[in-house]
Q: 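Questions regarding the structure given below will be posed in turn.
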Number of protein chains: 2
Amino acid sequence: MTTIKDVAKKAGVSVATVSRFLNDSGYVSAEAAKAVTAAVEELKYELNPIARSLNTKKSNLIGLILPDITNPFFPELARAVEDVALTYGYTVVLCNSDENPEKEKNYIETLKKKYIAGFIVTSNQLDAPHYANANVPIVALDRAINEKIPTVSSNNKEGAIMGTNALLERGCQHILFLRGPAELNPANDRYEGFMEAIQQSNAKYQVVTCPFHFAESQKIVEQVLKENPKIDGIFASSDVSAAGALKAASLVGTHVPNELQIIGFDGVAMGEMLSPGLTTVAQDVYKMGAIATRVLIKRIENKPIEQNFYEVPVKLIVRGTTRSVRE
Amino acid sequence: MTTIKDVAKKAGVSVATVSRFLNDSGYVSAEAAKAVTAAVEELKYELNPIARSLNTKKSNLIGLILPDITNPFFPELARAVEDVALTYGYTVVLCNSDENPEKEKNYIETLKKKYIAGFIVTSNQLDAPHYANANVPIVALDRAINEKIPTVSSNNKEGAIMGTNALLERGCQHILFLRGPAELNPANDRYEGFMEAIQQSNAKYQVVTCPFHFAESQKIVEQVLKENPKIDGIFASSDVSAAGALKAASLVGTHVPNELQIIGFDGVAMGEMLSPGLTTVAQDVYKMGAIATRVLIKRIENKPIEQNFYEVPVKLIVRGTTRSVRE
DNA sequence: ATATTGTGTGTAACCGGTTACACACCGAGA
DNA sequence: TCTCGGTGTGTAACCGGTTACACACAATAT
């Protein structure tokens with residue numbers, strides 16, 4: 001392995017000069033620069049990032065903390081984060097927190113010892129002290145907000161209004177809203193959006209809380225559908241729940257979309273594969289991840305960031321679980 | 001930040017003794033051990049892994065190289081790897097290679113500079129020089145085998161035989177096999193298994209190559225189904241293709257499972273959400289990831305490994321795309 | 001009594017960089 | 001001519017650990 005000393009020797013200068021040149025810090029004469037460039041080239045010198053980190057107390061590692069990569073929402077996010085990180089020369093460390101504050105804390109401590117550059121966090125615990133006191137750049141994704149921590153999320157409320165109106169426009173008279181867990185900020189925003197839109201109509205509605213879990217959702221919806229056959233529209237707070245609802249409908253024997261229309265929320269790939277294809281309010285997850293990463297890197301590199309709160313627009317994707325709009 | 005020097009001072013010994021005690025290397029007297037333990041405790045000393053790495057040229061980073069975390073097969077794998085890594089004190093770096101040898105090479109070089117401990121790789125390029133010459137522990141997952149590199153994969157051939165027989169036992173007379181890309185080892189093994197099983201029957205069959213991609217598969221199957229309405233069974237080399245086939249059947253108006261039975265391969269969560277639920281030959285992806293990680297860590301820590309090739313059994317999960325077995 | 005081996009410990013070099021500081025040089029302004 | 005600020009450079013300390021080596025001592029073997 002060739003070191004900075006070898007380069008210095010070959011270039012006929014001191015290691016300080018080499019380091020200054022490499023880091024573009026301090027003065028370096030044109031000749032010295034040339035000599036060093038040549039030496040680096042010839043020796044195929046590559047800087048040792050560990051040695052550098054030991055000094056600077058900085059690395060180019062980014063920690064991605066999310067509840068569970070297995071949740072279909074996160075792979076695309078992770079992909080975006082990794083893609084952007086890579087183009088800026090950063091490396092991504094994957095952390096599955098299971099929403100467990102202890103685990104989160106642990107990841108943070110462990111990685112801080114490695115002089116991690118920053119974190120992208122999807123968590124409900126953002127106000128927890130281990131984040132507030134982390135003393136390392138953080139960007140929050142999708143979830144709760146702390147004024148000091150830049151956040152990027154979807155326009156959840158807007159999306160919920162959009163989805164609700166889509167059902168309304170398609171003639172639904174009695175809508176079942178599958179509300180997500182109350183601890184989740186996005187779920188609350190979606191709920192708000194639904195309420196706002198539904199109350200401006202004169203349709204009937206009904207709200208049921210429902211975890212973002214397929215089998216659970218299916219069971220719950222099956223039950224509700226049996227008890228209340230008048231329901232002709234379901235707006236689910238997540239695609240997974242919507243998939244459960246769709247399955248429940250097929251088990252109960254209700255035809256989708258003729259007797260019952262369903263709209264999900266998220267826009268995960270699975271929606272396309274269902275029969276009929278799932279109409280959904282799609283988040284631009286990739287974009288969210290990409291923005292979050294860019295913002296984080298700006299913070300890491302002490303560049304100014306334009307805003308502290310980024311809201312990524314959502315989009316209605318119409319597929320087979322809804323009918324065409326009545327004129 | 002408290003350093004080993006602080007601890008040495010407080011314990012009244014030299015840094016060498018502290019280091020020896022911490023690493024359980026060399027001799028340390030009982031008294032010295034006690035004094036150091038107390039000092040560590042009191043000062044809340046935590047070893048700096050970067051400083052250590054600089055010396056030992058080892059870190060506790062594990063690189064997970066996979067084509068694309070977005071592919072539904074990989075999140076569970078990643079989860080398993082991370083879970084096991086965590087319990088052994090390792091940290092996982094996520095690398096999306098897009099099957100691009102240049103990218104793979106790049107990841108390897110970048111991470112080797114960080115003294116990465118080892119890699120878990122899912123790739124078709126395992127014989128490529130950047131792996132052979134990587135000079136760092138590697139475990140291959142799911143894909144190609146190089147005698148020197150420990151590999152864990154599913155029992156693909158066995159699984160294919162199982163799936164084929166499942167269709168046969170359920171009365172299929174004309175089976176369409178959706179063969180995966182020829183570059184993929186597992187796809188070839190599955191093909192072999194199918195051929196072996198089908199040729200021992202007197203059922204008719206037909207093989208079509210089909211990428212592991214939903215929309216493509218759907219289009220291909222739709223075409224084939226129209227040309228050949230006698231097909232009464234489809235065995236897909238992946239769940240995604242199977243989902244495409246299921247959708248194609250519904251578009252063509254063929255009833256599943258009455259007129260056409262479908263079996264997939266993989267066992268991804270999405271299969272359950274389809275209507276009808278997808279019968280599939282399920283891989284134990286989590287187990288594969290877990291085994292691979294344990295094997296890698298053994299290699300990293302120079303412990304003996306029992307075998308060089310681990311085959312994880314697959315399992316038939318029967319859901320709604322197949323009928324019950326005729327007596 | 002002497003050689004040998006096993007324990008136990010500290011000093012200092014080293015891993016491969018960064019950077020504070022001292023110093024030298026040069027041209028411009030007083 | 002003297003002073004001063006901007007350039008350019010090298011020496012050496014430092015980041016926080018690991019470890020080769022030298023040395024000391026006690027217990028056993030010869």
Side-chain angles (χ1 to χ4, degrees), chain A residues 1-37 39-40 43-61 89 109-117 301, chain B residues 1-40 43-61 89 109-117 301-302:
Chain A
M1 173 178 258
T2 91
T3 74
I4 197 172
K5 272 176 206 159
D6 303 326
V7 174
K9 196 174 291 175
K10 177 130 235 155
V13 298
S14 72
V15 293
T17 300
V18 177
S19 179
R20 275 191 292 258
F21 172 73
L22 260 23
N23 294 295
D24 196 20
S25 67
Y27 298 110
V28 176
S29 69
E31 294 138 273
K34 214 161 111 187
V36 172
T37 308
V40 165
L43 299 176
K44 292 194 196 315
Y45 169 72
E46 299 188 82
L47 191 144
N48 182 323
I50 297 294
R52 171 182 276 175
S53 284
L54 186 55
N55 274 281
T56 61
K57 301 189 184 311
K58 267 171 195 153
S59 73
N60 58 356
L61 252 35
E109 310 247 302
T110 307
L111 293 174
K112 273 185 72 177
K113 283 190 221 153
K114 292 188 202 296
Y115 300 131
I116 192 133
E301 297 177 354
Chain B
M1 172 177 256
T2 91
T3 74
I4 197 171
K5 274 175 206 158
D6 303 326
V7 174
K9 197 174 292 175
K10 179 131 234 155
V13 299
S14 72
V15 292
T17 300
V18 176
S19 180
R20 275 190 293 259
F21 172 73
L22 259 24
N23 295 295
D24 196 20
S25 67
Y27 298 110
V28 176
S29 68
E31 293 137 273
K34 213 159 111 185
V36 172
T37 308
V40 165
L43 299 175
K44 292 195 198 313
Y45 168 72
E46 298 188 82
L47 191 144
N48 182 323
I50 297 294
R52 171 182 276 176
S53 285
L54 186 55
N55 273 281
T56 60
K57 301 190 183 311
K58 267 172 194 152
S59 74
N60 57 356
L61 252 36
E109 310 246 302
T110 307
L111 293 174
K112 272 184 73 177
K113 284 191 221 151
K114 291 189 200 297
Y115 300 130
I116 193 134
E301 297 177 352
N302 276 317

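Below, read A as the first sequence line, B as the second, and so on, with proteins coming before strands; counting in each chain starts at 1. Remember, it's a predicted structure, so these values are computed and weren't measured experimentally.
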Q: Hey, does the side chain of A/S29 come within less than 4.0 Å of D/dT9's phosphate (OP1/OP2), counting only N and O?
A: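 The answer is yes; a side-chain N or O of A/S29 sits under 4.0 Å from OP1 or OP2.
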Q: Under 4.0 Å between a side-chain N/O of A/N55 and OP1 or OP2 of D/dC14, yes or no?
A: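 Indeed not, no polar side-chain atom of A/N55 lies that close.
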Q: Output the rounded distance in Å from CD (B/E31) to P (C/dT7).
A: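 Answer to the nearest Å: 16 Å.
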Q: When the distance from NZ of A/K5 to C1' of D/dA13 is rounded to whole Å, what number comes out?
A: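 Going from NZ in A/K5 over to C1' in D/dA13 covers 13 Å.
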Q: Return yes when atom NZ of A/K9 has more than 12 non-hydrogen atoms of other residues, nucleotides or ligands closer than 6.0 Å, and no otherwise.
A: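 No, NZ of A/K9 has 12 or fewer neighbouring heavy atoms, counting only those of other groups under 6.0 Å.
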Q: Round to the nearest Å and state the distance from B/K114 atom NZ to C/dG17 atom C1'.
A: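 Rounding to the nearest Å, NZ of B/K114 and C1' of C/dG17 are 14 Å apart.
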Q: Starting from C1' on D/dG17, measure out to CZ on B/F21 and report it in whole angstrom.
A: 16 Å
Q: If you measure only the distance, is there a donor-acceptor pair under 3.5 Å linking the side chains of A/K114 and B/N60?
A: yes
Q: Looking only at side-chain atoms of A/Y115, point me to the closest of C/dT11, D/dT9, D/dG16.
A: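 Nearest to the side-chain atoms of A/Y115, counting from C-beta on, is D/dG16.
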Q: Can you confirm whether B/L61 sits close enough to B/Y115 that some side-chain heavy atom of one is under 4.5 Å from a side-chain heavy atom of the other?
A: no
Q: Considering only heavy atoms from C-beta outward, does the side chain of A/V7 approach that of A/F21 to under 4.5 Å?
A: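 No. Closest side-chain heavy atoms not under 4.5 Å.
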Q: B/E46 has an atom CD; how far is it from atom P of D/dG17, in whole Å?
A: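 Taking atom P of D/dG17 as the reference, CD of B/E46 is at 11 Å.
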Q: Given atom NZ of B/K113 and atom P of C/dC15, what is their separation to the nearest angstrom?
A: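 Computing the B/K113:NZ to C/dC15:P distance gives 19 Å.
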Q: Please determine, for the side chain of A/S19, which listed nucleotide (D/dG17, D/dT19, C/dT19) has the closest atom?
A: C/dT19
Q: Starting at the 5' end of DNA chain C, which residue's closest nucleotide do you reach first, A/L54 or B/A33?
A: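 Closer to the 5' end of DNA chain C: B/A33.
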Q: Among C/dT9, D/dT18, D/dG10, which is the nearest nucleotide to the side chain of B/A32?
A: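 Of the candidates, C/dT9 comes closest.
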Q: Are any side-chain N or O atoms of B/N55 and backbone N or O atoms of B/R52, one a donor and one an acceptor, separated by less than 3.5 Å?
A: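 Pair absent, no side-chain N/O of B/N55 close to backbone of B/R52.
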Q: Look at A/T3 and C/dG16 and indicate whether a side-chain polar atom (N or O) is within less than 4.0 Å of OP1 or OP2.
A: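 Checking C/dG16 against A/T3, no side-chain N or O comes under 4.0 Å of OP1 or OP2.
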Q: A/Y27 side chain N/O closer than 4.0 Å to the phosphate oxygens (OP1, OP2) of D/dT7?
A: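 A/Y27 to D/dT7 OP1/OP2: side-chain N or O found under 4.0 Å.
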Q: At less than 4.0 Å, is any side-chain N or O atom of B/K57 found next to OP1 or OP2 of C/dG16? Yes or no.
A: yes
Q: Rounding to an integer number of Å, can you tell me how far B/I50 CD1 sits from C/dC15 C1'?
A: 13 Å
Q: Phosphate oxygens OP1/OP2 of D/dG10: is one of them under 4.0 Å from a side-chain N or O of A/T17?
A: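 Yes.
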Q: Give the nucleotide from the list C/dG10, C/dT18, C/dG17 with an atom nearest to the side chain of B/A16.
A: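 Ranking C/dG10, C/dT18, C/dG17 by closest atom to the B/A16 side chain puts C/dG10 first.
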Q: Distance check needed: D/dG6 P versus A/R20 CZ, whole Å only.
A: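 The answer, rounded to whole Å, is 17 Å.
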